[in-house]
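So that the names make sense, note that chain A is the first sequence line, chain B the second, and so on, each numbered from 1.
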Number of protein chains: 2
Amino acid sequence: MADSPLKLIVVGSIGIDTVATPSNRAENILGGSASYACAAASRFASTGMVGVVGDDFPSQYEHAYQKFGIDLEGLQKKPGQTFRWSGVYHDNMDERDTLSTELNVFADFSPDLPARYREAPFLFLANIHPALQVRVLDQMNPSSFVLLDTMDLWINTEAPLLAQVISRVNLLAVNESEAKQLTGQRFLPVAAKQLLAMGPKYVLIKKGEHGSMLFSNDHTCLLPAYPLADVIDPTGAGDAFAGGMIGSLAATGQVDVASLREAMMAGSVVASFAVEAFSLERLQSLTQAELDERIGLYRAMIG
Amino acid sequence: MADSPLKLIVVGSIGIDTVATPSNRAENILGGSASYACAAASRFASTGMVGVVGDDFPSQYEHAYQKFGIDLEGLQKKPGQTFRWSGVYHDNMDERDTLSTELNVFADFSPDLPARYREAPFLFLANIHPALQVRVLDQMNPSSFVLLDTMDLWINTEAPLLAQVISRVNLLAVNESEAKQLTGQRFLPVAAKQLLAMGPKYVLIKKGEHGSMLFSNDHTCLLPAYPLADVIDPTGAGDAFAGGMIGSLAATGQVDVASLREAMMAGSVVASFAVEAFSLERLQSLTQAELDERIGLYRAMIG
């Protein structure tokens, strides 16, 4: 199993989170973009994780990764504490405040891809410093299909470097405000056109509960989100969406308008499960039958 | 023409508006929910308008209605001034402040449906006082299919009467915040279930640029909005959406999941044109070829 060829590599953060919502609170739970993305992607395709944890990282969290079938050869364990994040959600759960961030071993993270990771046909560069994203791209087989995520911090502080990374990827994923921030454009089709001109063949604009839009130079694909009847913890929803999407793409190995649309649907449904509990709990308990049933419901809803 | 049977009746407000956006301003333009809804609906089906204007109502505005082919037998002309509204949009165009409202002849509006209107198979009760909506329902053939719109003011001040109206209609249209306000529920599928329990067979939740959702007890239909590359004036977009939707339904005469979905698409596309200019200007210049082309584009985008 550990030596079978991997379809997808995910590089991102691994954290121990403390999350408060208006009605719940969970302490020291497994989080980080790589955790959510790998948990989602591994439902669809064999996935290798690249990230770093400290020597305090609980063994049950590593077992959780293993139960998902995530390949951990790329997981570095360093002396010191694991990255920690704590946040509190506002009443509407749309916004949150960060209470504390301790980078710990993540401060010196330098992603190194094991040799067998470098030939994987799909790569998800989850949100980390663009300099680290460059480092990963330099190690990866240039024919891999690359999905890139980022955040407002790098748009503000590392714009030229980020533009370089964007020019080297196939699919750029941003949320609505990042799309506007990167381009200065208010209207998303106009912003997307400008982002496409930076190099990627596809631009995905994530609108959370309002769905997502995928743009290429000759096609636009609009997808409403799977409608939620409850949210326990929205943390990681965007990473689960992106992970489910690239995992679904990696499973087919095909990238075209039809497979991208199916992949966006898979991402939306997996993300809808992820928010039903804290951490990776709901993705852990999720059965194939539940997943298939909701994808079927969703397909009927979007006609 | 004036005596051919009408497919749809629209009852609502007719106003003379002054609208300011961050980059533009237009004074004394034709507005009101009935104006936008009839202009949109008349693209699809023969539509009769019920409303009131003062003796100051410019004849060119009446000619504008006639050019759309709107039947005006139900349009009352009373001594006095026409209803006037003035508003200013915020930078994001999502929100607006009302600067002034002069009800004028609209204060004593009592809708009276000409005999030939009462047998029309479709009725759109646009946003007016629920007591006036009751008055219209009492005059209308009870087998007509009724779409109801309302606003936060009536939810706050006339809840019991509004609930009575809601119980008598087939399709209730509300926006996201009205759905939450009416039910106290944060999650739209839960809110929709509660609204369906109030009587209507269908509940439409309008989310503006984020699309719309239609609920019945056994089906949910999700539709993203046609993505806008520019907005000159968002006034009347919701009325144009609803008007286009009910007009499209009235054109087929069929109400089922498939025709409702097509009708929502028609509404979204007509609304996307309506916001490209002030007042009814863009709906006036809109050709059938332009409408068909955009519906085709939209269909490809939503897969």
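Heavy atoms closer than 4.5 Å to chain B are found nowhere in A/Ala258, neither backbone nor side chain. Neither the backbone nor the side chain of B/Ala191 comes within less than 4.5 Å of any heavy atom in chain A. Both the backbone and the side chain of A/Val231 come within contact range of chain B, judged by heavy atoms closer than 4.5 Å. Both the backbone and the side chain of A/Glu209 come within less than 4.5 Å of a heavy atom of chain B.
The candidate from B/Met301, B/Lys193, B/Met93, B/Met213 with the greatest count of non-hydrogen atom pairs under 4.5 Å with chain A is B/Met301. When the candidates A/Asp230, A/Leu223, A/Leu214 are compared by the number of heavy-atom contacts under 4.5 Å with chain B, A/Asp230 comes out ahead. Taking B/Val190, B/Leu188, B/Ile302 one by one and counting their heavy-atom pairs under 4.5 Å with chain A, the maximum is reached by B/Ile302.
No side-chain donor from either of A/Tyr36 and A/Thr235 sits under 3.5 Å from a side-chain acceptor of the other.
Side-chain contact between A/Leu204 and A/Met245 is present, with heavy atoms from C-beta onward closer than 4.5 Å. Inter-residue side-chain proximity for A/Ser259 and A/Leu249 is flagged as met; some heavy-atom pair is nearer than 4.5 Å. A 4.5 Å side-chain heavy-atom check between B/Val174 and B/Leu182 finds at least one atom pair inside the cut-off. Taking 4.5 Å as the limit, every side-chain heavy atom of B/Arg282 sits out of range of all side-chain heavy atoms of B/Ile232.
By the 30° and 60° cut-offs, the orientation of the rings of B/His210 relative to A/His210 is parallel.
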